[in-house]
Amino acid sequence: MTAETARATLIDGKAYAAALVDRVAAASARLETAHGVKPGLAVVIVGEDPASQIYVRNKGETTQRAGMRSDTHRLADSTNQEDLLALIAALNADAGIHGILVQLPLPAHIDSAAVLGAIDPDKDVDGFHVVNVGRLAVGLPGLVPCTPLGCLMLLKDALGDLSGLNAVIVGRSNIVGKPMAQLLLGESCTVTVAHSRTRDLPDLCRTADILVAAVGRPEMVRGDWIKPGATVIDVGINRVPSRDTVKALEGKTRVVGDVAFDEAIEVAGRITPVPGGVGPMTIACLLANTYTAACRAAGVTPEELGA
Ligand code: NDP
């Protein structure tokens, strides 16, 4: 095998996500024509955090591009919990809104768990409500967190049947690691979840046919942690100084994943790049979840969109 053919195939999350948004848009248009229901997503943001403002703007634009109703509620940093809960209650009662997303993090004076817990589970398009966490754990239909759902779609597209494969997930957060484990268990993988207390992490990673890195540590997973031919899903989004010294001194940054990409691409069979891998899938899956919630509200079975 030549060095060139040994390099991993890139999993193009950007292209997959664009196609998924198109499929959601087409399915949503059919839902509206046949049943008079236009999927609606409400995004609530509290405060002025610049990164959150960008995320929210992108979500609004993509939602509109998909032909859905998009409402954005921008609240002042000083908003109190009572007012926020009153808005959530109003959105829960609004029949034209099928998905509610509260942008995190919320200001420190607000109890995030209480706010997320107040969202109607059937409109909880982030999939963070304990009811949806429970549904996922017991295999009932619910709403699944967008990032792991996107990872699963990419894996199934790349590998087809996942049953019997060894999956190692590095990271056990409620928004990525744990739901990823549930989803892969649901696909009959043999799943191991690693975290900061895991012993011999490189050895463990080398057992993985599927390696999902969701850690938040730039390029922590090295090439020699990867089993040759494995499929690597890099969820990490980390800002590090630019490679260019002058630009770095000017404070310019670049984005890297949790996997040392240049090393990993020489060993893995398939790998998601950062950027352009998992990231674009998250927002596409948000729209897919909003469409699914709208179908259920209309008493219609959603068309299969991916995972
Ligand atoms: P969290 O900080 O919530 O969780 C990180 C996990 O990594 C924890 O379980 C932690 O273990 C584990 N961990 C930390 N250090 C180590 C270590 N040295 N060895 C092994 N495990 C370790 O992060 P998130 O899950 O929210 O996010 C993970 C990454 O994914 C981040 O880079 C984030 O930006 C990115 N992300 C990307 C998204 C996308 O759209 N592509 C969406 C969401 C997140 P412990 O539990 O023991 O502390």
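For ligands, and for the atoms within them, numbers begin at 1 and follow the listed sequence.
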[X] touching ligand 1 at heavy-atom level, < 4.0 angstrom:
X: Ala214; result: yes
X: Met281; result: no
X: Asn238; result: yes

Worked check of side chain to side chain donor-acceptor pair (under 3.5 Å) between Ser242 and Asp244: CA-CA 5 Å; Ser242 169; Asp244 182 309; 5.4 Å; no
Near [X], which atoms of ligand 1 are under 4.0 Å from a heavy atom of that residue?
X: Val278; value: 41 (N)
X: Met220; value: 17 (C), 18 (N), 19 (N)
X: Gly279; value: 41 (N)
X: Leu201; value: 19 (N), 20 (C)
X: Arg217; value: 14 (C), 15 (N), 16 (C), 18 (N)
X: Gly171; value: 6 (C), 7 (O), 9 (O)
X: Ile175; value: 26 (O)

Ion pair Asp94/Arg69, N-O distance below 4.0 Å: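 Salt bridge flag = yes for Arg69 with Asp94.
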Carboxylate-amine/guanidinium contact Glu303 Arg23, below 4.0 Å: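 No salt bridge links Glu303 with Arg23.
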Of [options], which has the heavy atom at the shortest distance from [atom]?
atom: atom 16 (C) of ligand 1; options: Thr282, Leu104, Val215; answer: Val215
atom: atom 44 (C) of ligand 1; options: Leu204, Val255, Val193, Val176; answer: Val176
atom: atom 10 (C) of ligand 1; options: Ala194, Ser196, Ala213; answer: Ser196

Is a side-chain N or O of [X] found less than 3.5 angstrom from the main chain of [Y], in a donor-acceptor match?
X: Arg217; Y: Ala214; result: no
X: Asn289; Y: Leu143; result: no
X: Ser173; Y: Val176; result: yes

Ile237 and ligand 1 - part of the residue with a heavy-atom distance under 4.0 Å: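 Both backbone and side chain.
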Stacked cation flag Arg7 on Phe261, 6.0 angstrom / 45 deg: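 Judged by the rule (NZ or CZ under 6.0 Å from the ring centre, within 45° of its axis), Arg7 is not positioned above Phe261.
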Looking only at protein heavy atoms, which one is nearest to [atom], and how far off is it?
atom: atom 20 (C) of ligand 1; answer: His195 O, 3.2 Å
atom: atom 42 (C) of ligand 1; answer: Thr147 OG1, 3.3 Å
atom: atom 1 (P) of ligand 1; answer: Ser173 CB, 4.1 Å
atom: atom 36 (N) of ligand 1; answer: Val235 O, 3.7 Å

Note, Leu184 side chain near Leu162 side chain (heavy atom, < 4.5 Å):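 Side chain of Leu184 against side chain of Leu162, heavy atoms only: contact under 4.5 Å found.
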Pair listing, side-chain hydrogen bond (donor to acceptor under 3.5 Å, both in side chains) test, anchored in residues 98-120, at least two apart: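 Residue pairs passing side-chain hydrogen bond (donor to acceptor under 3.5 Å, both in side chains), neighbours aside: Lys59-Gln103.
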Salt bridge (Lys or Arg N to Asp or Glu O under 4.0 Å) evaluation trace for Arg135 with Asp122: CA-CA 11 Å; Arg135 286 172 176 161; Asp122 293 335; 3.3 Å; yes
Nonpolar side-chain network containing Val131, other nodes, edges under 4.5 Å: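 Grouped by the 4.5 Å side-chain rule, Val131 forms a cluster of one, so the answer is none.
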Heteroatom distance test (Arg172, ligand 1): nitrogen or oxygen, under 3.5 angstrom: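 Right, the criterion is met.
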Distance, nearest 0.5 Å, that separates CG of Asp234 from OG1 of Thr272: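 Going from the CG atom of Asp234 to the OG1 atom of Thr272 covers 5.0 Å.
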